[in-house]
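One structure is given below, encoded as C-alpha cells.
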Amino acid sequence: QVQLVESGGGLVQAGGSLRLACAASSGAFSRYHMAWFRQAPGKEREFLAAISWSGGSTPYADSVKGRFTISRDNAKNMVYLQMNSLKPEDTAVYYCAAGRSWSDRPYRYDYWGQGTQVTVSS
C-alpha cells in the first residue's frame with residue numbers, strides 16, 4: 001500500500017512557476033514508477049509526465065514538454081513537478097500516481113493522491 005500526498009498548488013499569474021511535491025508513505029517507493037496527471041472541470045484526466053523508478057526515463061506529454069520537469073528523490077520518498085511558463089489552460093487539479101509500470105493511461109496506476117489545485121490567472 002502506498003499513500004500519496006500532493007502539495008504546492010496555488011494561484012499564480014500566467015508566465016509564472018510552481019513546484020508541486022508528492023510525498024509517498026511507502027518504504028518501497030523506489031520500486032514504483034511515478035507520474036503526474038491533471039484534470040480540469042468537465043475534462044478527462046490528462047497525463048503530464050512520468051518517471052521511472054531509477055529516474056532514468058522521463059516521458060512527457062507534448063502539452064507540457066519543455067515547460068514542466070518531473071524529478072524524484074528516492075531517499076526522501078518524494079516526486080516533484082516543476083512547472084514553468086504557466087498558462088491559464090494549465091488550470092486543473094494535479095495528481096501524482098504510483099504504478100508498477102509507467103503508462104500515460106490513468107488505469108495503469110495503482111495509487112493516487114488526493115490532488116492539489118493549480119489556478120493560473122491571465
Side-chain angles (χ1 to χ4, degrees):
Q1 190 79 1
V2 180
Q3 292 184 326
L4 303 173
V5 179
E6 302 95 338
S7 61
L11 174 64
V12 63
Q13 288 189 331
S17 298
L18 280 175
R19 188 193 194 205
L20 304 183
C22 175
S25 64
S26 173
F29 171 76
S30 62
R31 301 177 188 174
Y32 287 89
H33 298 280
M34 301 296 296
W36 286 95
F37 289 77
R38 69 186 178 191
Q39 190 165 19
K43 294 189 176 181
E44 293 185 350
R45 194 160 293 192
E46 176 190 11
F47 169 79
L48 300 176
I51 187 165
S52 60
W53 64 269
S54 67
S57 180
T58 54
Y60 291 91
D62 288 343
S63 59
V64 303
K65 196 174 297 182
R67 298 191 298 126
F68 291 9
T69 303
I70 190 171
S71 61
R72 68 188 295 162
D73 185 337
N74 286 342
K76 297 181 178 179
N77 285 5
M78 297 291 295
V79 63
Y80 305 98
L81 187 68
Q82 177 67 42
M83 306 187 295
N84 298 328
S85 302
L86 284 163
K87 306 174 183 178
E89 52 264 43
D90 293 319
T91 296
V93 178
Y94 284 67
Y95 299 90
C96 68
R100 292 290 187 179
S101 61
W102 95 264
S103 172
D104 60 356
R105 304 300 175 93
Y107 68 84
R108 294 295 297 272
Y109 291 86
D110 303 309
Y111 304 102
W112 292 84
Q114 83 290 347
T116 185
Q117 176 71 44
V118 171
T119 303
V120 184
S121 63
S122 57

Audit row: Leu81, Phe68, side-chain contact (heavy atoms from CB on, under 4.5 Å) steps and yes/no = CA-CA 7 Å; Leu81 187 68; Phe68 291 9; 4.1 Å; yes

Partner set under ring-ring contact (aromatic ring centres under 6.0 Å, His included) for Tyr95, not counting sequence neighbours |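 Result, ring-ring contact (aromatic ring centres under 6.0 Å, His included) vs Tyr95: none returned.
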
List for me each residue that meets ring-ring contact (aromatic ring centres under 6.0 Å, His included) alongside Tyr94, sequence neighbours excluded, and say none if there are none.
->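 Expected list: none.
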
Shortest non-hydrogen contact from Phe47 toward Ala35 =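 In terms of heavy atoms, the two residues are closest at CE1-CB, 4.4 Å.
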
Heavy atoms only: give me the nearest Ser121-Leu11 pair and the separation to one decimal.
->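 Between these two residues, the closest heavy atoms are CB-CD1, 4.3 Å.
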
Identify each donor-acceptor pair in which a side-chain atom of residues 13-22 lies under 3.5 Å from a protein atom, sequence neighbours left out, and give them as a table.
{"residue": "Ser17", "atom": "OG", "partner": "Asn84", "partner atom": "OD1", "Å": "2.9"}

[X]: what forms a side-chain hydrogen bond (donor to acceptor under 3.5 Å, both in side chains) with it, not counting sequence neighbours?
{"X": "Ser63", "answer": "Glu46"}
{"X": "Thr119", "answer": "Gln117"}
{"X": "Asn77", "answer": "none"}
{"X": "Gln3", "answer": "none"}

Which hydrophobic side chains are connected to Met78, either touching it within the sub-4.5 Å cutoff or through other members that do?
->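 Result for Met78 is Tyr80.
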
When you look at CH2 of Trp53, are more than 12 heavy atoms from neighbouring residues, nucleotides or ligands closer to it than 6.0 Å?
->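 Open: at most 12 neighbouring heavy atoms sit under 6.0 Å from CH2 of Trp53.
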
Sort and list the pairs that fulfil salt bridge (charged side-chain N to carboxylate O under 4.0 Å, His left out) and have at least one residue in [range], not counting sequence neighbours.
{"range": "residues 91-112", "result": "none"}
{"range": "residues 26-36", "result": "none"}
{"range": "residues 70-83", "result": "none"}

All salt bridge (Lys or Arg N to Asp or Glu O under 4.0 Å) counterparts of Lys65, not counting sequence neighbours |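 Once residues adjacent in sequence are excluded, the partners of Lys65 under the salt bridge (Lys or Arg N to Asp or Glu O under 4.0 Å) criterion are Asp62.
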
Determine yes or no for a side-chain-to-main-chain donor-acceptor pair under 3.5 angstrom, with Tyr109 supplying the side chain and Ser103 the backbone.
->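 It does hold such a pair.
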
Going through the checks in order, is the side-chain contact (heavy atoms from CB on, under 4.5 Å) test met by Met83 and Trp36?
-> CA-CA 11 Å; Met83 306 187 295; Trp36 286 95; over 6 Å; no

